Number of protein chains: 2
Amino acid sequence: MTASINDVARAAGVSASTVSRALRGRPGVSGEVRDRIVAVAAQLGYTASRSASSLASGRTHTIGVLVPYVGRWFFGTVLDAAEKVFSAAGYDVLLYNLGSPETRKRFFTRLPVRKRVDAVLSLLIPDDGESAALRSLGVPLTTTVGGPRPGFTVVGIDDRAGAESAVRHLVNLGHRRIGMISGASGPLHWTTPIERRNSYLDVLADAGIEHDPALEADGDYTVEGGERAMTELLAASRPPTAVFAQSDEMAMGALRALRRHRLKVPDDVSVVGFDDHELADVVGLTTVAQPVAEQGAEAARLLLRQLDEPGAEPPGHVQMPIRLVLRETTAPPRPRGPR
Amino acid sequence: MTASINDVARAAGVSASTVSRALRGRPGVSGEVRDRIVAVAAQLGYTASRSASSLASGRTHTIGVLVPYVGRWFFGTVLDAAEKVFSAAGYDVLLYNLGSPETRKRFFTRLPVRKRVDAVLSLLIPDDGESAALRSLGVPLTTTVGGPRPGFTVVGIDDRAGAESAVRHLVNLGHRRIGMISGASGPLHWTTPIERRNSYLDVLADAGIEHDPALEADGDYTVEGGERAMTELLAASRPPTAVFAQSDEMAMGALRALRRHRLKVPDDVSVVGFDDHELADVVGLTTVAQPVAEQGAEAARLLLRQLDEPGAEPPGHVQMPIRLVLRETTAPPRPRGPR
DNA sequence: CTGTTAGCGCATTCAG
DNA sequence: CTGAATGCGCTAACAG
């Protein structure tokens, strides 16, 4: 079997406690003894068992990260950045991929992170029951999505301002029939699509444009969904001349649908997305950029700070900047004439 | 604090051992008592501490997953699928994002998974030293990349056949100046780019086409790298009329470079990628499709099987099918005339 | 500065 | 079928 702390203690001619202290850099060990212990440990390939040390100390040096879809660009990017911060600080990451309602439900009823993590970073928005479950863990909680929540530190963006800049851009170009592809049927309690929709409605109202329900479709936050939604919109009696997609993935699906219908972008239809996906530039997509990796990194940092300073009051809500990136999928509507 | 096994035992009027047996579905507990214990545990919100149970039993119910870049589509997709299989079987996932040489080195010297996982799934190719370190863990090992390795079960694709189908497709279209964008400067011991390059050379030789080193460039497996590489190729004295990119992300970067140079695809230059990225269809990219999520799921299943049947000899190497997907970025070269 | 003594919470003998 | 003891490997409190 692999070496235990007692093996190291014996080999170094000291007690187990001294080994423990020495290896964790705690004070109370003379330099000479410490060096010897470190050398012996290295030579034996000793690593402390996290299970045992967690059990004894109550600290796990592990962060639980909850993600709806690791395969999705947005979440993968946030996770990547957050993991780097955690691992640099000596923390391991326990990953929970909670995309389907069943896995999600199972997670929150069994709560496998109990007694297993020092903190939780949630990339999904917990509903009230789920929030309560998480709070019952008694560890710091942070999320990168949705609005402020009691008991959570949230790092996010101003969704309303982002959506507003997108829709206003289309209005300013002269569009009057502006469609929207939303991501409404996503996870429960996902307020993002609602916020973005509200902005959309506000801008239309502000511009004196009457809202047409036939110009809204659900794209489920996926490429395929975006394609379906765009196809739906094109089937309307008076199709839109511009579309705001609530995510770049849906916008790309919309582009695909438009291409299949032999419609030119932006000549026939303008499209604006949201996220600034790494491939948005490849397809020339105009979009609302948000600092995705930075949100993950910042959320991780805030969580670590709470671990370091248990007393301090954590920040409730941090907002990162967004900005509209103009590319080639938006232009003024066709002068007039029949489509 | 949160309930312990003794709290449950006391509340149910039984001993801790009975609680342990009942909750884990072990035989030796009467139905009536079992029901009572389950009810009490649920009511108290009891979950066994993984640390304690690992320490006592030696089993962690945790899988370590090593990933070079979680943010990349390929790895995110593999991870997503693998995690679902693991969690469905009751295993948690400890994620290690080992993109940079430093984090990678630290991981393999400190080996934080020691005594912490029941098995390891590596989405990166360990070099010899790293392989030895992993083998020293004494747990089943599986990887989804690279060729067969002693001590590992590997689930992958036939890289040579994949690259061959891509390059042969270009040759069959009539191209003679065929460039390649490879991903050579990736992680150490990453044999994939080498295999694919060998195929490229073989097909050229087979078609009687002389290999021109000026037609090869390194794209680092990223969109930006692909763009840079394509720009390089276009600067050659006799630029290629077709390009094989070793990944879709690099192919998309190449498309961007071509667009910036006002070159038409496929009229001026044909492009074929590798992977069948979820957005390949959006940009109409011809590519070699590989079953990405399936590889993750299959690798996870094989690992679980080894955990269930410790005696059985694990399969050494499983190959998944690839296929060429024809879209709109490939066509015969321009008839003749000056470019 | 160092060693000794107790658990951390659970799974696993072994008795009964 | 059930309970009492024992120890997993480590850290923390206490002595010295």
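The chains referred to below are lettered A, B, ... by the order of the sequence lines, with proteins before strands, and numbering in each begins at 1. This one's a predicted model, so the numbers in the text were calculated from it and none came from an experiment.
- Taking only side-chain nitrogens and oxygens, B:K115 comes nearer than 4.0 Å to OP1 or OP2 of D:dC10.
- Taking 4.0 angstrom as the limit, A:S15 places a side-chain polar atom (N or O) nearer than this to OP1 or OP2 of C:dG3.
- One atom, CZ of A:R26, and another, C1' of D:dC14, lie 16 Å apart when rounded to the nearest Å.
- The two residues A:R50 and A:T62 have their closest heavy-atom pair at NH1-OG1, 4.5 Å.
- Annotation: cation-pi geometry not satisfied between B:R72 and B:F75 (NZ/CZ under 6.0 angstrom from ring centroid, within 45° of ring axis).
- Both B:A52 and B:G31 lie close to DNA chain D; mapped to their nearest nucleotides by heavy-atom distance, the more 5′-ward contact belongs to B:G31.
- Within the 4.5 Å cutoff, side-chain heavy atoms of B:L121 are placed close to those of B:F86.
- Going from atom CZ of A:R24 over to atom C1' of D:dC10 covers 9 Å, rounded to whole Å.
- Contact between the side-chain N/O atoms of A:S4 and the OP1/OP2 oxygens of D:dG9 is not found at any separation under 4.0 Å.
- The pair A:R301-A:D308 does not meet the salt-bridge criterion, since no charged nitrogen lies less than 4.0 angstrom from a carboxylate oxygen.
- Straight-line distance from the CG atom of B:L55 to the C1' atom of D:dG9: 5 Å, rounded to whole Å.
- In terms of position on DNA chain D, the residue among B:A56 and B:V14 whose nearest nucleotide sits closer to the 5' end is B:V14.
- Across the protein-nucleic acid pair, B:R59 atom CZ and C:dC10 atom C1' stand 16 Å apart, rounded to whole Å.
- Taking 4.5 Å as the limit, some side-chain heavy atom of B:L302 sits within range of a side-chain heavy atom of B:V155.
- Among the protein residues, B:S49 comes within range of the sugar-phosphate backbone only, with heavy atoms under 4.0 Å from sugar or phosphate atoms but none that close to a base.
- Using a 4.0 Å heavy-atom cutoff across all strands shown, A:R50 reaches no nucleic acid atom at all.
- When the P atom of C:dG9 is taken as reference, atom OH of B:Y46 falls 10 Å away, rounded to whole Å.
- Here D:dT11 presents its P atom at 11 Å from CZ of A:R21, a figure rounded to the nearest Å.
- Between B:D7 atom CG and C:dC10 atom P there is a gap of 9 Å when expressed in whole angstrom units.
- For the OP1/OP2 pair of C:dT2 and a distance below 4.0 Å, the side-chain nitrogens and oxygens of A:S30 include at least one atom meeting the criterion.
- Taking atom NE2 on B:H61 and atom P on D:dC8, their separation rounds to 20 Å, with Å as the unit.
- Nucleic acid contact for B:V33: sugar-phosphate only, since backbone atoms but no base atoms lie under 4.0 Å from a heavy atom of the residue.
- In this structure, B:S20 reaches the C:dA11 phosphate: one of its side-chain N or O atoms is under 4.0 Å from OP1 or OP2.
- For C:dA11, its base never sits under 3.5 Å from the side chain of B:S17 at any donor and acceptor pair.
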